[in-house]
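Remarks on the structure that follows.
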Amino acid sequence: MQKVEKICFVLLILVIFVSSSLFAQTRTIVTLGGSWWNAAYTMEDQDGEKLGDIGSGNNFGPYMSVNHGKVNFGLSVLVGKFPINEYGGYSLEGTGVEADMGRTDVNFTLGYRIHRNVNIFAGVKYLKWSMDMEYKNEYYDYSYKYEISESGPMYGLGLSLVLPLGNSGLYAFGSLAGMGGTLTYEEKEDDSSLSKTSSEDDSENDISAVLVALNVGLGYRFPSGLGINAGYRADLFSEQYDEPVIIDEKEVEPRIKVAGFMATISYSF
């Protein structure tokens, strides 16, 4: 029995040694960088009628990817705010209402390169939207705050393509991903005319959401490892609430589009 254990131990050490040698023979490339996304947020109903034009906002965050042979994974974070210009089809200008929407987007992907230029990947996204609206009337010493948020994980699959242009470091890139998940919808009110901080109308519901993400553009990688790329990114949402959404006495299914120019600067080593 001891002889068998020794043989198994030697074989285990041999497997570890061979695996480590093979792993070491494949170069690992790490890329670190940061991204800026200037995107416009619009919302329509199922008939294409505009429900809101929140405006453009700036989103910033770090980016990291690790490539080892045909296997790769990435992590990115984008955080930003969108000023709200109108809501429910009505302009907020001159109403005394101040409002903005915050966005947090965390992405993790694990991929496999099926071709020199083609990569398939699975992804997990944590997404949170939070809209804060506040109305103040100094004459009547009155204030009202209204907050809504949607947050939760989404899961999906995608395909990315990198196409070298000539023998220089110039390349074109593109990716398409589809995701789905359940987001938690929360609604809170704070009315100074009430005796307590939050009204009894606070609520929480689940939302079924589907997301299609598109990203295309051009990039350049310098011999030093420094890289820059720029292009167009669009996130297209479709949401289905457990309870009907009523705007102007009409039941709607919100369709959300967040799209605009995106640029990334990075360094590979």
Side-chain angles (χ1 to χ4, degrees), residues 39-55 57 59 77-92 95 97-108 122-135 143-157 177-213 234-259:
Y41 182 110
T42 58
M43 182 166 56
E44 298 179 346
D45 64 14
Q46 63 272 25
D47 299 323
E49 183 177 344
K50 186 170 68 173
L51 300 175
D53 184 7
I54 290 179
N59 299 263
V77 179
L78 282 171
V79 179
K81 282 194 173 183
F82 296 77
I84 299 177
N85 300 322
E86 63 177 64
Y87 187 72
Y90 297 96
S91 173
L92 298 182
T95 62
V97 176
E98 296 181 358
D100 60 43
M101 176 174 282
R103 181 183 193 272
T104 300
D105 185 353
V106 181
N107 300 278
F108 175 82
V124 179
K125 175 193 289 288
Y126 172 79
L127 180 67
K128 180 177 181 179
W129 291 96
S130 58
M131 185 178 71
D132 300 324
M133 305 182 72
E134 182 175 6
Y135 171 75
S143 66
Y144 173 78
K145 293 182 180 180
Y146 177 64
E147 301 178 17
I148 61 174
S149 66
E150 299 176 13
S151 61
M154 304 185 75
Y155 309 91
L157 299 172
M179 312 189 82
T182 300
L183 305 180
T184 299
Y185 174 88
E186 295 182 272
E187 183 178 345
K188 297 181 180 180
E189 292 181 272
D190 186 352
D191 193 328
S192 65
S193 66
L194 300 177
S195 59
K196 53 185 178 180
T197 302
S198 297
S199 76
E200 297 179 355
D201 294 330
D202 292 3
S203 61
E204 180 177 314
N205 295 292
D206 289 335
I207 304 170
S208 297
V210 175
L211 164 66
V212 176
D235 287 357
L236 308 175
F237 290 88
S238 176
E239 298 183 333
Q240 182 64 56
Y241 293 79
D242 289 341
E243 298 181 1
V245 177
I246 308 297
I247 297 180
D248 292 338
E249 300 181 352
K250 176 184 177 181
E251 184 176 334
V252 300
E253 297 177 7
R255 310 291 171 86
I256 300 168
K257 178 181 179 182
V258 188

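Quick note: residue numbers are just sequence positions, from 1.
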So do Thr182 and Ile207 actually touch side chain to side chain, heavy atoms under 4.5 Å?
no
Flag side-chain contact, heavy atom, 4.5 Å: Met133 against Tyr144
no
Residues passing the side chain to side chain contact (heavy atoms under 4.5 Å, CB included) test with Val106, sequence neighbours excluded, are Leu75, Val77, Thr104, Tyr126
For the atom pair [atom1] ([X]) and [atom2] ([Y]), what is the distance rounded to the nearest 0.5 Å?
X: Leu211; Y: Glu239; atom1: CG; atom2: CD; value: 10.0 Å
X: Asp206; Y: Thr184; atom1: CG; atom2: OG1; value: 5.0 Å
X: Met43; Y: Phe237; atom1: CE; atom2: CZ; value: 12.5 Å
X: Glu147; Y: Glu186; atom1: CD; atom2: CD; value: 10.0 Å
X: Lys125; Y: Asn107; atom1: NZ; atom2: CG; value: 3.5 Å
X: Ser130; Y: Met101; atom1: OG; atom2: CE; value: 7.5 Å

Heavy-atom pair with the smallest gap, counting every atom of [X] and [Y]:
X: Gly156; Y: Met179; answer: N-CE, 3.7 Å
X: Lys81; Y: Asp100; answer: NZ-OD2, 4.0 Å
X: Leu183; Y: Ala209; answer: CD1-CB, 4.1 Å
X: Val258; Y: Ala39; answer: CG1-CB, 3.7 Å

Suppose we screen for salt bridge (charged side-chain N to carboxylate O under 4.0 Å, His left out). Which residues come up paired with Arg103, at least two apart in sequence or across chains?
Asp105, Asp235
Partners of Asp132 by salt bridge (charged side-chain N to carboxylate O under 4.0 Å, His left out), sequence neighbours excluded?
none
Could you label the plane-to-plane angle of the Phe82 and Trp129 rings as parallel, tilted or perpendicular, counting under 30° as parallel and over 60° as perpendicular?
tilted
